[in-house]
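Reviewing the structure listed below.
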Amino acid sequence: MSATQQTTAVPMVRWPQMGEARVPFQIYTDKEIYQLEQERVFRGEAWHFVALELELPNPGDYKTNHIGDTPVIVARDPQGVVKVFVNRCAHRGSMLCIDNRGNKKDFTCIYHNWVYDFDGKLQSVAFKRGVRGQGGLPEDFDMAKHGLRKLRVETINGLVFASFSETVAPLRDWLGPRMTAHIERIFNRPVKIIGAYVQYLHNNWKLYVENVKDAYHASLLHTFFTTFGLNRLTMDGALELSDSGGHHISWSKMASDEAKGSEYQGDSLRAMNKDFDLSDYGLLKVWPEYEDGVTNAIQGIFPTFIVQQVQNALAVRLVVPKGVDETELQWILFGYEDDTPEQQRMRLMQSNLVGPAGLVSMEDGAVGNFVQRSIQQDGDREAVLEMGGRTVESQKSRVSEASVRGFWKAYRGLMSL
Ligand code: FES
Ligand SMILES: [Fe+2]
């Protein structure tokens with residue numbers, strides 16, 4: 001492909017012949033690819049997490065969010081049904097809801113006061129008939145044709161998903177039985193939000209998604225995980241992929257690491273630091289969260305949603321692209337309604353492991369930018385993804401990049417790359 005062809009309106013990435021075992025660096029830096037993702041991934045054949053139902057307890061409650069870089073309103077209508085609209089007035093395009101959340105009787109645009117109901121229907125137009133017989137809208141202006149853009153909405157155990165697509169399979173079918181079962185495992189009873197924050201990542205959104213799907217890095221990059229034995233590749237665990245490859249679960253059981261993994265005893269692992277200690281081991285006090293004995297489980301739902309169990313620190317995360325090399329990462333930490341005050345305190349304590357300054361997650365916020373900074377040039381060079389082979393399939397070993405390859409398989413399918 002010539003340089004001139006690369007600057008034409010239709011973005012072209014020549015995917016390497018080795019398929020998902022290689023990723024061209026251009027995919028993280030190209031503005032045209034970013035635009036095509038908005039159309040084919042975020043507005044295409046996929047479901048996108050937008051809210052927890054419990055964020056909207058009452059009729060009229062709403063929150064704003066994004067699907068890709070399209071702003072949306074998630075609202076509970078007077079009948080209690082959750083609706084999702086593009087957050088854009090049908091008149092001249094102003095954002096309708098400016099605040100992050102609130103409660104409304106209707107949606108009134110601040111610019112010229114056009115008013116919409118909870119079905120997105122245009123209810124009234126200021127000065128519709130003009131003033132003193134002058135001005136106003138033409139007689140044949142059809143209010144029914146100027147509503148808000150409404151999205152498909154489905155919920156699963158209190159998680160609200162929306163889609164621009166009329167043809168994508170119903171949510172549970174799209175997730176598949178294994179992914180559905182894992183969501184039902186975590187959201188098995190009423191949950192309670194115990195914290196929320198947003199962090200900014202100075203890298204392309206896909207670099208963070210890859211990081212989440214990459215079980216290989218966890219005990220190598222994260223000194224805390226390895227040093228204090230929270231997550232090692234010697235533990236019993238697995239990497240499970242959906243048929244599409246796009247969704248995954250990486251899980252492990254801390255109790256199964258009795259041998260303390262001889263692979264971790266040498267001095268060559270940077271993350272294993274015998275000089276580090278804790279003055280208070282309260283942070284590592286955990287209790288068995290679920291009957292299956294799994295202590296760490298990260299679930300990635302294509303393209304940008306994550307369900308996290310790190311010991312008793314539970315959270316959902318949403319990755320929101322903010323341009324080709326800027327990303328917002330939303331976190332909602334939760335426990336259960338029936339937690340004791342002590343359990344809630346311990347969850348909050350353990351949540352110091354995650355988040356922008358988390359003892360573990362801190363490095364994830366930095367490493368994407370290390371990649372972004374070094375790949376600005378040489379877009380035709382490639383990342384190598386051969387840990388655990390070159391295929392996209394579930395594996396017993398987490399010394400594998402199979403779930404990262406799975407993401408690229410689903411991504412390439414939607415992007416037609
Ligand atoms: S842009 Fe909303 S009323 Fe004009
Ligand atoms: Fe990580």
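All of these numbers come straight from a predicted model, not from anything done at the bench. Order of listing sets the numbers, starting from 1, for every ligand and every atom in it.
- Note that CG of Leu318 and CD of Gln330 are 4.5 Å apart. Values are rounded to the nearest 0.5 Å.
- Using a 3.5 Å distance cut-off with no hydrogens or angles, the side chains of Ser244 and Ser242 do pair a donor with an acceptor.
- Inside a sphere of radius 2.8 Å centred on the Fe ion (ligand 2), the protein N/O/S atoms present are His217 NE2, His222 NE2, Asp364 OD1, Asp364 OD2.
- Judged purely by atom type and a 3.5 angstrom limit, Thr391 has no side-chain atom pairing as donor or acceptor with the backbone of Glu393.
- Within a 6.0 Å radius of CG in Asn100, no more than 12 heavy atoms belonging to other residues, nucleotides or ligands are found.
- Between Tyr116 and Gln123, the side chains place no donor N or O within less than 3.5 Å of an acceptor N or O (distance only, hydrogens not considered).
- Separation of atoms CD (Gln308) and CD1 (Ile332) is listed at 12.0 Å; rounding is to 0.5 Å.
- In the model, Asp69 has a side-chain atom that pairs as donor or acceptor with a side-chain atom of Tyr34 under 3.5 Å.
- With hydrogens and angles left out, the side-chain atoms of His66 and Asn87 include no donor and acceptor closer than 3.5 Å.
- Around atom 4 (Fe) of ligand 1, the protein contributes the following N, O or S atoms at distances under 2.8 Å: His91 ND1, His112 ND1.
- Here the rule is ring-ring contact (aromatic ring centres under 6.0 Å, His included) with Phe187, and of Tyr336, Tyr290, Phe334 only Phe334 fits it.
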